[in-house]
Asker: 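Before anything else, here's the structure in question.
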Amino acid sequence: MVKLLHSEACSSLWFHLAGEVKIGDTSIPEGVIALPVEKASQTVSLYPGSQLAGIRFQPAIGYGVIGQHVDRPTTLSTEHALMPGLQQLFTDLQAIPNNEHRVTTLHHWVQQNFRFENVIPGPLKQALNHLNHTVPPGALIDRMNVSQRHLERLFRHWIEMTPKQYQRILRVKRAIDHLRTHNEANLAEVADQFGFSDQAHMTREFRAIAGVTPGKV
């Protein structure tokens, strides 16, 4: 089974429990795997017998709770300082016979070990909220009491991208969600609706970020 993991500037923590799993052409070893911030969509291949569980973090949250960035799928030590009990959790997930129980177990562990309150700086959280409500990056400074340089530094440190790049990813993701539920939509009108300069611009952005064309979606 091959799935497209769309970019949303998120990061993930995977528990590869059994079988063969690939991201693109890279095989993922069994164990606890940290995935980098998603800047472009990737294919995930699940082979017969594969078992995979995981947690997907909203933008910046993964760095806040794990305390590190990775530039490729990376096996984490099961004695990770900020995530106690990883080895026991991995062993428990392998032994559990059904996915519903796995989700419950993961949820309980997250509640016990992660604290999401005030995990990211206030200005970054405010900027993310504004961008999620389609405020242009150039207008952020007018709404916030921070400099452009400081804001870009926050984004690079916590999400490894600029505010403009983050907005590009959001715009493509919103357009994809719309096309999935409006498969008879006029593509030129969709481009205008979601802030692309024209249909050709939307197609270029889709290819660069989503790895597919709007028509394919």
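Along the sequence shown, residues carry numbers from 1. Note that the coordinates shown come from a computational prediction; the quantities given were computed from them, not determined experimentally.
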Asker: Does the side chain of Val65 reach to within under 4.5 Å of the side chain of Asn113, using non-hydrogen atoms?
Answerer: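 Counting from C-beta outward, Val65 and Asn113 never come under 4.5 Å.
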Asker: Any heavy-atom pair between the side chains of Phe57 and Ser12 that's under 4.5 Å?
Answerer: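 Result no, sub-4.5 Å side-chain heavy-atom pair not found.
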Asker: Restricting to non-hydrogen atoms, name the atom on Cys10 and the atom on Pro59 that form the minimum distance, rounded to 0.1 Å.
Answerer: SG-CD, 4.0 Å
Asker: Using the salt bridge (Lys or Arg N to Asp or Glu O under 4.0 Å) definition, which of the options Arg171, Arg174, Arg56, Arg168 pairs with Glu8?
Answerer: Arg56
Asker: For Ile61 and Trp158, run side chain to side chain contact (heavy atoms under 4.5 Å, CB included): C-alpha distance rounded to whole Å, both residues' side-chain angles, the deciding distance at 0.1 Å, then the answer.
Answerer: CA-CA 8 Å; Ile61 298 294; Trp158 287 81; over 6 Å; no
Asker: Among the clusters formed by ILVMFWY side chains lying less than 4.5 Å apart, do Leu35 and Phe114 turn up in the same one?
Answerer: no
Asker: What heavy-atom pair brings Val37 and Ile159 nearest, and what distance separates the two atoms?
Answerer: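 Smallest interatomic distance, heavy atoms only, reads CG1-O, 3.6 Å.
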Asker: Could you tell me if the side chain of Val21 sits less than 4.5 Å from the side chain of Trp14, heavy atoms only?
Answerer: yes
Asker: Would you say CG of Asn98 has more than 12 non-hydrogen atoms from neighbouring residues, nucleotides or ligands within 6.0 angstrom?
Answerer: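 Yes, the 6.0 Å shell around CG holds more than 12 heavy atoms from other groups.
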Asker: Working to the nearest 0.5 angstrom, can you tell me the gap between Thr162 OG1 and Arg156 CZ?
Answerer: 6.0 Å
Asker: Answer yes if Ile23 and Val32 sit in the same cluster of Ile, Leu, Val, Met, Phe, Trp and Tyr residues linked by side chain heavy atoms under 4.5 Å apart, and no otherwise.
Answerer: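 The answer is no; the residues belong to distinct hydrophobic clusters.
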Asker: Do you see a donor-acceptor pair shorter than 3.5 Å between the side chains of Gln193 and Glu189?
Answerer: no
Asker: Inspect the surroundings of CD in Glu100 and state if more than 12 heavy atoms from other residues, nucleotides or ligands are less than 6.0 Å away.
Answerer: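 For Glu100, atom CD is not crowded (no more than 12 foreign heavy atoms under 6.0 Å).
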Asker: Measuring from atom OG1 of Thr213 to atom CD of Glu205, what distance do you get when rounded to the nearest 0.5 angstrom?
Answerer: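 Interatomic distance, Thr213 OG1 to Glu205 CD, rounded to 0.5 Å: 14.0 Å.
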Asker: Assess whether side chain to side chain contact (heavy atoms under 4.5 Å, CB included) is satisfied between Leu154 and Val146, documenting all intermediate values.
Answerer: CA-CA 11 Å; Leu154 284 173; Val146 295; 5.8 Å; no
Asker: Using modelled atom types and a 3.5 Å cut-off, is there a donor and acceptor pairing between side-chain atoms of His16 and backbone atoms of Ile28?
Answerer: yes
Asker: Between the side chains of Thr203 and Gln199, is a donor N or O closer than 3.5 angstrom to an acceptor N or O?
Answerer: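 Side chains of Thr203 and Gln199: no pair found under 3.5 Å.
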Asker: Is Ser41 reaching over with its side chain to a backbone N or O of Leu4, donor-acceptor style, under 3.5 angstrom?
Answerer: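 No.
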Asker: I'd like to know if the side chain of Ser50 and the backbone of Leu46 have a donor-acceptor N/O pair within less than 3.5 Å.
Answerer: no
Asker: Check whether any side-chain heavy atom of Leu52 sits under 4.5 Å from a side-chain heavy atom of Phe15, and report yes or no.
Answerer: no
Asker: Rounded at 0.5 Å granularity, tell me how far CD1 in Ile120 sits from CD in Gln126.
Answerer: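 It comes to 11.0 Å.
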Asker: Looking at every non-hydrogen atom in both residues, tell me the closest pair between Tyr166 and Leu131 and how far apart they are.
Answerer: CD2-CD1, 3.6 Å
Asker: Is there a donor-acceptor contact under 3.5 Å from the side chain of Ser7 to the main chain of Glu38?
Answerer: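 Yes; at least one donor-acceptor contact below 3.5 Å.
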Asker: Looking only at non-hydrogen atoms, find the nearest pair between Leu106 and Gly54 and report the distance.
Answerer: CD1-O, 3.7 Å
Asker: Between His201 (side chain only) and Ser197 (backbone N and O only), is there a donor and an acceptor less than 3.5 Å apart?
Answerer: yes
Asker: Has the side chain of Thr74 got a donor or acceptor atom that lies under 3.5 Å from a matching backbone atom of Val70?
Answerer: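 No.
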Asker: Can you name the closest pair of heavy atoms from Leu187 and Pro214 and give their distance?
Answerer: CD2-CB, 4.0 Å
Asker: Are Ile33 and Leu13 linked, directly or through other ILVMFWY residues, by side chains that come within less than 4.5 angstrom of each other?
Answerer: no
Asker: Please report the closest heavy-atom contact between Ile55 and Trp109, naming both atoms and the distance.
Answerer: CD1-CZ3, 4.2 Å
Asker: Can you tell if the side chain of Thr43 reaches within under 4.5 Å of the side chain of Leu5, non-hydrogen atoms only?
Answerer: no
Asker: Going through the distances and angles, do Ile66 and Met83 end up as a side chain to side chain contact (heavy atoms under 4.5 Å, CB included)?
Answerer: CA-CA 7 Å; Ile66 296 177; Met83 293 181 288; 4.0 Å; yes
Asker: Rounded to the nearest 0.5 Å, how far does CD of Glu152 lie from CD of Gln165?
Answerer: 11.5 Å
Asker: Drop me the distance from Leu93's CG to Gln88's CD, to the nearest 0.5 angstrom.
Answerer: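 Atom-to-atom, Leu93:CG and Gln88:CD are 10.0 Å apart.
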Asker: Kindly say whether Thr104 contributes a backbone atom to a donor-acceptor pair with the side chain of His108 at under 3.5 angstrom?
Answerer: no
Asker: Tell me, do Lys22 and Val44 make a side-chain contact under 4.5 Å, heavy atoms counted?
Answerer: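 SC-SC contact between Lys22 and Val44 ruled out.
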Asker: May I ask you to decide if Gly211's main-chain N or O and Lys216's side chain share a donor-acceptor pair within less than 3.5 Å?
Answerer: no
Asker: Are there more than 12 heavy atoms of other residues, nucleotides or ligands under 6.0 Å from atom NZ of Lys125?
Answerer: no
Asker: Quick one, His182 and Val190 - any side-chain contact, counting heavy atoms below 4.5 Å?
Answerer: no
Asker: Look at the side chain of His133 and the backbone N and O of Asn129, then say whether any donor-acceptor pair between them is shorter than 3.5 Å.
Answerer: yes
Asker: With heavy-atom distances below 4.5 Å as the criterion, would you say the side chains of Met1 and Ser45 are in contact?
Answerer: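 Contact flag for Met1/Ser45 side chains = no.
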Asker: As a test of understanding, state which of Arg102, Glu30, Gln94 forms a side-chain hydrogen bond (donor to acceptor under 3.5 Å, both in side chains) with Gln51.
Answerer: Arg102
Asker: When rounded to the nearest 0.5 angstrom, what is the spacing between CD1 in Ile169 and CD1 in Ile209?
Answerer: 5.5 Å
Asker: Have a look at Tyr63 and tell me which of His69, Gln68, His157, Glu160 forms a side-chain hydrogen bond (donor to acceptor under 3.5 Å, both in side chains) with it.
Answerer: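 Only match with Tyr63 under side-chain hydrogen bond (donor to acceptor under 3.5 Å, both in side chains): His157.
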